[in-house]
Amino acid sequence: SASDTPFGTVAAPLRFRRQRLGSQSALCPSASISAHRAMLRLPDGRPLALLAECYTPANLTAGE
């Protein structure tokens, strides 16, 4: 099913921690002004999700 609820909100009860892997990602569009890769890990160290976060100028105005 689809949802507008952010992943972090849904996963928060799992008490994950974020392990930063890098500040660039080849998966991001060329217009990205900021890009990050990270691994989310459960409290016992098991991986939960691998993230590629891409931020473009549109992200800066999304809440306006």
Atom pair CG/CZ of L48 and F16 - distance to nearest 0.5 Å: 7.5 Å
Which atom of F7 lies closest to which atom of A49, heavy atoms considered: CZ-CB, 4.2 Å
Test side-chain hydrogen bond (donor to acceptor under 3.5 Å, both in side chains) applied to R41 - qualifying residues, sequence neighbours left out: Q19
Qualifying residues under side-chain hydrogen bond (donor to acceptor under 3.5 Å, both in side chains), relative to R46, sequence neighbours excluded: D44
Any side-chain heavy-atom pair of L40 and L51 under 4.5 Å: yes
Exam field: side chain S32 to backbone S34, donor-acceptor pair closer than 3.5 Å: no
side-chain contact (heavy atoms from CB on, under 4.5 Å) involving S30 - partner list, sequence neighbours excluded: none
Remaining members of the apolar cluster that contains M39, side-chain heavy atoms under 4.5 Å: L21, L50
Listed partners of R18 passing salt bridge (Lys or Arg N to Asp or Glu O under 4.0 Å), at least two apart: E53
Contacts of R15 that satisfy side-chain contact (heavy atoms from CB on, under 4.5 Å) - sequence neighbours left out: P43
Any residue meeting side-chain hydrogen bond (donor to acceptor under 3.5 Å, both in side chains) with T9, in chain and number order, not counting sequence neighbours: none
